[in-house]
Trainee: 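The structure's right below; bear with me while I get my questions together.
Computation of the quantities below employed the complete heavy-atom set of this structure, encompassing side-chain atoms and omitting hydrogens, waters and symmetry-equivalent molecules. Small disclaimer: the values here were computed from a predicted structure and weren't measured. Chain letters run A, B, ... following the sequence lines, proteins first, then strands; residues in each count from 1.
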Amino acid sequence: MQYSGQRTRVKDILDRETAGGEVMVQGWVKTRRSSGAVSFIQISDGSTLRDLQIVVEQSSPDYALVETLNTGCSVSVVGELLESQGRNQKYEINATKLEVLGQADPEEYPLQKKRHTLEFLREIAHLRPRTNTFGAMARVRNTMAYAIHSFFQERGFQYIQTPMITASDAEGAGSMFRVTTLDLQDPPRREGLVDTAEDFFGQPTFLTVSGQLEAEIFALAMTDVYTFGPTFRAENSNTSRHLAEFWMVEPEVAFCDLDGLAELAEDFLKYVFSSALDKCPEDMAFFNQWYDNTAISTLEGIINSSFERLTYTEAIKLLESSGETFEFPVSWGLDLQSEHERYITEKRIGRPVVVTDYPRDIKAFYMRMNDDGETVRAMDVLVPRIGEIIGGSQREEREDVLLDRMRQSGLDAENYWWYLDLRRYGTVPHAGFGLGFERTVQFATGMQNIRDVIPFPRTPKNAEF
RNA sequence: UCCCCAGUAGCUCAGCGGUAGAGCGGGCGGCUGUUAACCGCUAGGUCGCAGGUUCGAAUCCUGCCUGGGGAGCCA
């Protein structure tokens with residue numbers, strides 16, 4: 001089903017069983033090669049990685065127009081679908097009518113026929129979707145986003161929309177962006193301090209760092225829920241794995257413990273990666289060829305193998321007995337560093353690893369205390385090259401234990417009155433995890449920098465476009 | 001935020017104390033059912049910004065800005 005009259009998508013044309021018949025295609029010129037008697041135009045409409053070759057003969061009334069075409073122009077073409085005489089494509093269109101919809105001055109248009117660096121393309125994020133790389137990225141990203149919904153929907157989970165603006169200022173996940181309508185040049189004051197009672201919400205508000213606490217509310221009513229939306233971190237993180245605005249998937253399941261959650265995480269990742277391979281074979285082959293020649297085999301390996309389970313204590317023992325020299329110390333009670341995680345998942349196990357039961361002191365207050373009083377039911381899913389891709393836990397459902405943990409963490413229980421209410425009225429064991437969507441796309445495609453797997457990256461000092 | 005590296009033509013880079021170069025892209029011309037087509041000619045740069053050293057700075061030094069790699073924080 002299409003909504004634009006006579007136009008046929010490039011993908012639909014190239015996927016046809018046979019040639020023949022008149023078609024109309026519309027898209028953007030990738031390259032043009034002139035000949036004495038004939039001119040070739042490669043056009044793309046983003047529906048597929050493949051270009052469509054348009055042939056215009058010199059005898060055509062529109063041939064003069066063709067001479068004005070260059071990379072970036074938009075065109076509308078009517079012609080006959082033929083078997084191509086050339087080797088690099090199955091079909092081509094012999095144009096009978098050509099219309100230029102929009103010019104692109106070749107002296108100014110920044111995209112060229114050759115390859116550009118990813119750094120340069122980031123500076124022209126409004127044009128980079130027209131490149132093979134970002135077209136492929138957008139299609140894989142779309143497919144994975146759809147797979148996330150279908151995975152949960154097929155399993156009876158309800159999709160919950162949690163708020164992006166929150167008054168909880170310490171959800172334990174880093175610095176937050178302030179949301180305010182106050183005049184920053186001249187804010188209302190009360191006893192010398194900014195009077196937040198005058199602000200839009202009558203109190204300090206922020207952009208959310210996680211929908212987890214709200215998702216728990218719905219899990220304790222609808223049992224199986226998930227969120228999928230943008231989250232924000234005001235950390236001054238300058239790495240290839242961090243964004244100030246990123247998308248997170250957060251399932252939350254009632255009547256579920258950490259073992260059940262680990263199973264869910266494993267099934268989930270396999271489903272999403274399978275979907276990318278099955279539905280975007282050309283795009284994945286492109287990434288495999290140009291960016292990471294292990295991308296496809298890595299995903300296939302994950303889909304066909306079971307994840308390794310390791311407790312934090314076992315992971316420490318493994319690291320201590322590895323004989324490896326690490327920059328950071330390995331000792332029970334200290335958090336695993338990137339180098340440790342990568343050693344485990346890349347060098348020792350060679351596939352995803354679920355590390356569970358971390359020391360309570362390095363994990364958030366809401367994670368369920370184990371009987372040993374020292375560890376909590378937390379889990380991290382580690383994957384080669386990226387490291388932590390999922391962080392989750394069984395939640396503390398016992399009100400008294402949760403209150404203790406909040407006090408130890410220096411949190412004011414009054415601010416979490418509704419969160420505590422969930423433990424007071426009909427509490428049940430429950431668990432959930434968070435998955436960084438961009439990191440998942442990054443992992444699947446083999447792209448090195450997270451800024452290249454989101455359409456418009458938001459990073460410190462950069463909010464262009 | 002910390003450590004390291006880099007900013008020279010539209011893009012990718014070379015030049016690393018003596019006054020600016022290549023390839024690609026652009027323009028013009030030629031040739032060919034072409035495939036990042038090919039061949040010839042040609043235009044195009046206050047060498048990131050601000051100071052300093054020097055007879056002389058793209059080149060050495062200092063500061064700042066921007067980008068990249070790594071680390072921390074995490075997803």
Trainee: Should B:C73 form a Watson-Crick or G-U wobble pair with both distances under 3.5 Å, which nucleotide is its partner?
Mentor: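 The base-pairing partner of B:C73, which may sit in any strand shown, does not exist here.
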
Trainee: For a quick check, tell me whether the side chain of A:Q85 and the base of B:G33 share a donor-acceptor pair closer than 3.5 Å.
Mentor: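 Answer is yes: a donor-acceptor pair is held.
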
Trainee: Look at all strands and tell whether A:K461 reaches a base, only sugar-phosphate, or nothing, counting heavy atoms closer than 4.0 Å.
Mentor: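 Sugar-phosphate only.
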
Trainee: Can you list everything that forms a ring pair (Phe, Tyr, Trp, His ring centres under 6.0 Å) with A:H116? Sequence neighbours excluded, please.
Mentor: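 Scan of A:H116 (ring pair (Phe, Tyr, Trp, His ring centres under 6.0 Å), adjacent residues dropped) gives A:F120.
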
Trainee: B:C28 and B:U19: how far apart are their P atoms, nearest whole angstrom?
Mentor: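 35 Å, rounded to whole Å.
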
Trainee: Counting heavy atoms from C-beta on, name the nucleotide in B:G33, B:G69, B:U1 closest to the side chain of A:E92.
Mentor: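 Side chain of A:E92 sits closest to B:G33.
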
Trainee: Taking only the P atom of each, what is the distance from B:G7 to B:C49 in whole angstrom?
Mentor: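 So the two P atoms sit 13 Å from each other.
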
Trainee: By nearest atom, which of the nucleotides B:C24, B:G33, B:G69 is closest to the A:Q112 side chain?
Mentor: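 For the A:Q112 side chain, the nearest candidate turns out to be B:C24.
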
Trainee: On RNA chain B, check which nucleotide each of A:R32 and A:H116 is closest to and give me the residue with the more 5' one.
Mentor: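 Comparing both residues, the 5'-ward one is A:H116.
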
Trainee: Considering all heavy atoms of both residues, which atom of A:R351 and which atom of A:E308 are nearest to each other, and what is their separation?
Mentor: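 Heavy atoms of A:R351 and A:E308 come nearest at NH2-OE1, 2.9 Å.
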
Trainee: What is the pairing partner of B:C60, taking Watson-Crick or G-U wobble pairs with both distances under 3.5 Å in any strand?
Mentor: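 Pairing partner, where one exists within any strand: B:G52.
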
Trainee: If we take the C1' atom in both B:G45 and B:A20, what is their distance in whole Å?
Mentor: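 Per the computed distance, 8 Å lies between those C1' atoms.
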
Trainee: Look at the side chain of A:R439 against the base of B:C74 and say whether a donor-acceptor pair falls under 3.5 Å; ignore hydrogens and angles.
Mentor: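 By the distance-only test, yes, there is a pair.
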
Trainee: So, does the side chain of A:S237 form a donor-acceptor pair with the base of B:C74 at under 3.5 Å?
Mentor: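 A donor-acceptor contact between them is absent.
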
Trainee: Just compare B:G33, B:G70, B:G27 and give me whichever is closest to any side-chain atom of A:E107.
Mentor: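 Nucleotide nearest to A:E107's side chain: B:G27.
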
Trainee: Please state whether the base of B:U1 and the side chain of A:N238 form at least one donor-acceptor pair under 3.5 Å?
Mentor: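 A donor-acceptor contact between them is present.
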
Trainee: Counting only side-chain N and O atoms of A:K114, is one of them less than 4.0 Å from OP1 or OP2 of B:G23?
Mentor: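 Answer is no, no contact under 4.0 Å.
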
Trainee: Does the structure show A:F246 stacking with B:A75, if we require the centres to be closer than 5.5 Å and the planes to be within less than 30 degrees of parallel?
Mentor: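 A:F246 vs B:A75: stacking yes.
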
Trainee: When both hydrogen-bonding distances must be under 3.5 Å and the geometry is Watson-Crick or G-U wobble, what is B:A6 paired with, if anything?
Mentor: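 B:A6 is paired, partner B:U66.
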
Trainee: Could you work out which one of B:C73, B:G33, B:A36 sits closest to the side chain of A:N88?
Mentor: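 The closest nucleotide is B:A36.
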
Trainee: What distance, rounded to whole Å, do you find between the two C1' atoms, one in B:C38 and one in B:C4?
Mentor: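 Per the computed distance, 44 Å lies between those C1' atoms.
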
Trainee: Can you tell me whether the side chain of A:E235 and the base of B:G72 have a donor-acceptor pair closer than 3.5 Å?
Mentor: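 There is none.
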
Trainee: On RNA chain B, nearest-nucleotide positions of A:N94 versus A:R115: which is more 5'?
Mentor: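 Of the two residues, A:N94 wins.
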
Trainee: How close do A:I362 and A:G333 get, heavy atom to heavy atom, and via which atoms?
Mentor: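 A:I362 and A:G333 have their closest heavy atoms at CG2-O, 3.5 Å.
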
Trainee: Of the listed nucleotides (B:U34, B:U12, B:G27), which one gets closest to any side-chain atom of A:Q89?
Mentor: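 Nearest to the side-chain atoms of A:Q89, counting from C-beta on, is B:U34.
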
